[in-house]
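Reading through the structure tokens given below for one structure.
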Amino acid sequence: MADYDDLQYQGISSDNSKRSTRILSGVKKFCRANLLVILLLTSLKLGIIIGFAVKFGSNRDFSKKDVEYISFPGTLFLNALKMVIVPLITTSLISGMASLDKNAYGKLGGKAVLYYMTTTFIAVILGIIVVTSIQPGRGADKDAIQREGSSQQVNTADAFLDLLRNMVPPNIVAACFESYKTRQVPDEIEPGMVTELMSNITGATVTMVMTTEDGITSLVNESVMTTKMPMMRYKSEGGFEDKTNVLGLVVFSCFFGAIIGRMGQQGEPLKIFFDTFMEAIMRLVSLIIWTSPVGIFFLIMGKILEMDDWQKTFQQIGLYSATVMTGLAIHAFIVLPLILFIFARKNPLRYLFGVAPALMTAFATASSSATLPITLQCLEENLNIDRRVTRFVLPIGATVNMDGTALYEAVAAIFIAQVNGLNMDAKDIVTISITATLASIGAAGVPQAGLVTMVIVLNAVGLPIDDITLIIVIDWFLDRCRTTINVWGDSIGAGIVYERSKDELQRLPDPFEDNDKFSIGYQTPNINNTHDDTTL
């Protein structure tokens with residue numbers, strides 16, 4: 001009997017040991033497969049915790065130089081990402097366009113543009129609904145809110161013309177490091193030169209039409225102005241500035257790749273060159289991506305240490321921040337996943353987990369263009385999206401698809417109107433909807449580009465552009481949030497275009513099929529062991 005009990009006990013112990021071994025093996029397998037996500041989440045949390053601990057635990061104010069030293073490893077990581085943006089965009093678009101026939105890239109482009117315009121317009125309408133429901137600016141004392149920075153004078157017509165100018169750069173090499181921009185330069189007019197003055201007061205804004213002795217007429221919007229003060233007008237001066245013309249590179253690469261694809265055998269050497277160049281860049285990205293946990297940690301910690309009196313800031317415009325965050329959350333967790341499920345029949349949670357490294361990088365860098373290399377890796381390696389789709393859709397999406405920026409601009413414009421005690425009628429709401437949609441397309445994928453296009457929206461409805469300084473103080477945080485939504489929207493767009501274009505893609509040869517696969521070490525577990533493992 002005792003021997004039987006011993007055998008039974010040994011059997012139970014053996015079963016428990018096997019179960020523990022299986023659990024431990026499963027945990028190790030999960031950690032190994034998702035190591036990058038775990039490291040990124042850990043670095044993000046540590047950056048926030050240690051940043052606040054150092055800020056409030058030490059009795060000192062960190063100077064700009066101190067923050068620069070602390071953020072230095074993060075700056076190197078960000079520079080490494082920026083280093084590969086231009087070769088990545090050009091080679092991916094040329095390679096992708098060259099691999100498709102004229103009918104295929106026409107259909108892919110049409111579906112992508114339809115998705116971009118639809119989701120952007122939905123984001124704007126959602127932002128308008130949220131801000132008019134919560135009304136964060138009603139009852140707010142504009143004079144009590146801390147202002148920061150300065151606003152830029154922008155001529156709406158010149159801004160849209162600059163967009164078209166940058167689409168066709170005069171020098172494609174120069175477009176890699178400079179873009180065209182028309183600036184409004186102040187041109188002072190003495191009081192004695194003003195011969196005719198008419199004022200039309202609407203709410204808190206005074207609109208003044210000035211006619212000078214030489215017959216020049218200009219329109220000025222000011223909250224307060226006296227006839228004894230020198231009048232100011234602005235003149236347009238165009239020129240090139242040190243900023244990569246991503247839009248021009250995208251347009252050139254699309255046409256160049258399409259021409260190579262239509263050249264047949266004659267264009268094959270160029271096609272092979274750009275395919276190989278693209279694979280080399282992606283291998284370089286696979287090295288950079290493993291430095292992202294360290295870079296994100298120092299970027300987040302440095303930004304927290306840079307904040308000045310964050311408690312006062314959130315007290316003053318906390319409701320505005322909450323309104324923007326509410327709109328972004330609804331768009332990110334309800335609207336976009338619903339679109340993904342309806343049109344691609346994909347599991348939004350699995351999709352979110354697959355692009356998690358790109359989303360966390362977007363939050364840390366506040367740049368959808370800098371995040372593009374990691375977004376490509378996530379969709380191709382983790383979610384098995386066809387490379388012909390990702391390398392065509394994602395670079396364009398990172399340039400023109402700005403759901404989060406469009407929503408933010410709509411909320412900010414109506415918030416400024418509410419702070420000034422102005423009521424927006426139906427015409428103004430429609431104007432904001434259209435202008436915010438178009439302005440977001442022209443927003444570069446770089447940090448705080450939305451503040452520049454915000455001036456276009458304010459000018460369109462006659463709101464004081466100087467009131468942008470009311471929201472600059474919190475924009476560094478909201479910029480990271482809306483950039484994350486931009487990247488999330490780009491990723492979902494690529495997935496939808498891929499699912500809706502499978503029939504066309506299957507009839508075409510895949511130029512990347514025979515290329516050696518490379519991995520960054522992070523892959524979503526393959527449930528079905530098929531190419532379409534993300535479709536449930």
* To do: Before accepting this row, confirm whether a basic side-chain N of the pair E279/R387 lies closer than 4.0 Å to the acidic partner's carboxylate O.
  => yes
* Would you sort out whether W488 and Y351 count as a side-chain contact (heavy atoms from CB on, under 4.5 Å), showing the intermediate values? => CA-CA 10 Å; W488 176 227; Y351 208 87; 3.8 Å; yes
* To do: Please answer whether the main-chain N or O of L394 pairs with a side-chain N or O of D490 as donor and acceptor at a distance below 3.5 Å.
  => no
* For the residue pair I396 and F392, establish whether any side-chain heavy-atom pair is separated by less than 4.5 Å. => yes
* To do: Please check if the side chain of R480 supplies one atom and the backbone of W476 the other of a donor-acceptor pair under 3.5 Å.
  => yes
* Main-chain N/O of I432 paired with T435 side-chain donor or acceptor, under 3.5 Å -> no
* CD1 of I434 to CZ of F121: how many Å apart, nearest 0.5 Å? -> 7.0 Å
* **Side-chain donor or acceptor of T291 paired with backbone N/O of I288 under 3.5 Å** => yes
* N166 and S179: side-chain donor and acceptor closer than 3.5 Å? -> no
* Side-chain donor or acceptor of N245 paired with backbone N/O of A175 under 3.5 Å -> no
* Using a cut-off of 6.0 Å, state whether more than 12 heavy atoms not belonging to F177 lie near its atom CZ. => yes
* Are side-chain heavy atoms of M282 and S92 found at a separation under 4.5 Å? -> no
* Asked: Is F240 atom CZ crowded by more than 12 heavy atoms from other residues, nucleotides or ligands, each under 6.0 Å away?
  -> yes
* Going through the distances and angles, do V355 and T375 end up as a side-chain contact (heavy atoms from CB on, under 4.5 Å)? -> CA-CA 7 Å; V355 298; T375 310; 5.8 Å; no
* Asked: Going through the checks in order, is the side-chain contact (heavy atoms from CB on, under 4.5 Å) test met by F298 and L76?
  -> CA-CA 10 Å; F298 285 101; L76 292 180; over 6 Å; no
* May I ask you to establish whether R345 and F341 are in a cation-pi arrangement, using a distance under 6.0 Å from NZ or CZ to the six-membered ring centre and at most 45° from the ring axis? => yes
* **I94 side chain near L270 side chain, heavy-atom distance below 4.5 Å** => no
* To do: Please check if the side chain of S253 supplies one atom and the backbone of V250 the other of a donor-acceptor pair under 3.5 Å.
  => no
* Asked: Hey, are Y408 and D475 close enough side-chain-wise for a donor-acceptor pair under 3.5 Å?
  -> yes
* Hey, is the main chain of A344 close enough, under 3.5 Å, to the side chain of Y498 for a donor-acceptor pair? -> no
* Report the distance from atom OG1 of T361 to atom CZ of F77, rounding to the nearest 0.5 Å. => 5.0 Å
* **I330 side, atom CD1; L336 side, atom CG - distance, nearest 0.5 Å** => 12.0 Å
